[in-house]
> 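Handing you a structure now.
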Protein chains: 2
Amino acid sequence: MDDFQPLLDYINRLVQLDENEEKKLCDLISYRKLLKGQYFLQQGDICKFSGFVVSGCTKTFFVDEDGQEHVVMFAIEDWWTSDMGSYISQKPADFNVQCLENTTLIQISYEDQQELLRQIPKLERFFRLIIERAFVSSQKRIVRNLSMSAKDRYLHFRNVYPKIEQRIPQYLIASYLGITKEFLSKIKSQLILEQ
Amino acid sequence: MDDFQPLLDYINRLVQLDENEEKKLCDLISYRKLLKGQYFLQQGDICKFSGFVVSGCTKTFFVDEDGQEHVVMFAIEDWWTSDMGSYISQKPADFNVQCLENTTLIQISYEDQQELLRQIPKLERFFRLIIERAFVSSQKRIVRNLSMSAKDRYLHFRNVYPKIEQRIPQYLIASYLGITKEFLSKIKSQLILEQ
DNA sequence: AAATGATGTTAATCTAGATTAACATTTACT
DNA sequence: AGTAAATGTTAATCTAGATTAACATCATTT
């Protein structure tokens with residue numbers, strides 16, 4: 001049988017599922033292994049699954065009208081990934097989710113999640129709690145984008161997500177920060193001169 | 001007795017409360033009237049209340065280390081306002097919420113909301129649904145800030161929130177968009193020349 | 001009606017970050 | 001090992017938007 005323990009541990013940090021509830025949950029989730037470069041979701045498709053990263057790393061990005069790619073977020077172990085807008089509305093996704101490393105996910109389909117929410121009211125609470133947190137960090141990112149220079153945003157990123165920074169190419173971090181790779185390179189050489 | 005109908009209507013669009021549940025809810029919420037200029041929440045205080053705007057208009061903003069004000073969001077009729085980060089953690093708020101007009105709100109205290117969530121599981125679902133939506137629009141705003149010019153962000157704002165634009169001084173809209181009032185003025189005169 | 005403060009405009013100058021392009025280095029594939 | 005592709009750097013030039021400052025308009029109070 002597949003090992004869903006990482007997700008169960010994660011959930012049990014916020015709500016306590018009994019054995020029966022854990023069983024129901026495990027019946028409706030599934031394992032998925034993807035290779036580096038493979039897509040978990042493509043822009044324009046309907047986001048059928050929400051994914052919990054067990055190992056590996058994904059980037060969420062979109063391509064604008066000018067063909068430019070913009071990284072929206074990364075996800076590593078113990079993070080969720082999906083296009084929430086598409087997932088909750090079951091309309092075409094704005095975003096791609098692609099693996100930056102070989103990645104294993106635990107996925108839940110939209111329909112099964114609805115079923116689980118009906119059967120296990122505790123999960124209603126669980127998902128409320130994690131989305132509250134996601135919303136707060138999204139707001140904080142807006143605030144940083146409004147009030148901080150590119151250099152300070154980079155320093156913040158480096159402090160808060162040191163694990164992510166080490167695993168990911170610079171040009172993707174630049175995109176996440178809303179700057180070009182050339183400018184990030186300039187910032188880094190400035191920082192080296194400073195210290 | 002106070003009139004909580006606007007909030008009940010809003011909730012009943014997403015979940016169906018029975019009479020008993022509505023009663024419990026109404027016992028734990030309260031009305032609050034604030035004058036133009038008054039604060040619903042001040043930066044540094046703990047956000048004790050989440051507010052549902054019945055009439056009027058608020059701005060959420062923060063003052064950065066340089067003393068610069070940044071508008072994070074507005075709220076008009078049927079919108080929620082609070083500092084969610086402070087509210088869910090009961091730690092000091094990053095934001096101020098100030099009334100731009102005389103404003104009436106329905107407010108719920110953090111403790112009472114926890115009590116309501118225990119007593120009325122449907123509300124767990126209700127809050128999950130509205131926070132999901134808030135999260136999605138927050139993500140979309142990040143995307144716009146990453147990929148659109150100031151002019152396009154302004155045009156988007158004007159299309160999506162025409163009611164807000166008419167009620168609010170330009171310099172606050174500029175701040176919300178992440179630009180200076182002078183540059184917004186320039187954008188507007190350009191737009192007039194174009195059409 | 002005058003005065004004060006809040007809001008909005010215009011224009012000159014400045015700068016953070018973009019663009020372009022050439023080159024260096026690392027990684028992965030045959 | 002050798003080659004191609006992916007990633008990273010540097011420097012010159014350019015531009016979206018900031019800053020400064022002077023002035024215009026509108027609203028509120030006395």
> Produce a footprint string for nucleotides 16-22 of chain D: one letter per nucleotide, 5' end first; B if the base is under 4.0 Å from any protein heavy atom, S if only the sugar-phosphate is, - if neither.
-BSBBB-
> Counting side-chain heavy atoms from C-beta on, which of dT7(C), dT10(D), dT10(C) comes nearest to S185(A)?
dT10(D)
> Any luck finding a side-chain donor-acceptor pair between D9(A) and Q5(A) under 3.5 Å?
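Yes, a side-chain donor-acceptor pair sits under 3.5 Å.
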> May I have the distance from Q170(A) (atom CD) to dT7(D) (atom P), rounded to whole angstrom?
12 Å
> In whole Å, I'd like the distance from the OH atom of Y171(A) to the P atom of dT26(C).
17 Å
> Once you round it to whole Å, what is the distance between P of dT7(C) and NZ of K36(B)?
7 Å
> Quick one: Q190(B) CD to dT10(C) P, roughly how many Å, whole number?
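Rounding to the nearest Å, CD of Q190(B) and P of dT10(C) are 12 Å apart.
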> For the pair R167(B) (side chain) and G56(B) (backbone), establish whether a donor and an acceptor sit closer than 3.5 Å, ignoring hydrogens and angles.
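At least one qualifying donor-acceptor pair exists.
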> How many Å lie between CD on Q166(B) and P on dT7(C), as a whole number?
18 Å
> How close or far is atom P of dT10(C) from atom NZ of K188(B), stated in whole angstroms?
11 Å
> Measure CD/Q98(A) against P/dA6(D) and give the value in whole Å, please.
12 Å
> Between the side chains of K186(A) and E182(A), is the shortest nitrogen-to-carboxylate-oxygen separation below 4.0 Å, so that they form an ion pair?
no
> Decide if the gap between the ring center of Y87(B) and the ring center of W80(B) is smaller than 6.0 angstrom.
no
> Which whole-number value in Å describes the distance from I168(B) CD1 to dA6(C) C1'?
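Rounded to whole Å, this separation is 16 Å.
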> Taking R118(A) first and then E115(A), would you say they form a salt bridge - that is, a charged N and a carboxylate O separated by under 4.0 Å?
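Salt bridge between R118(A) and E115(A), a charged N being under 4.0 Å from a carboxylate O: yes.
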> Are R128(B) and E132(B) within salt-bridge range, i.e. N to O under 4.0 Å?
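Counted as a salt bridge, because a side-chain N and a carboxylate O are separated by less than 4.0 Å.
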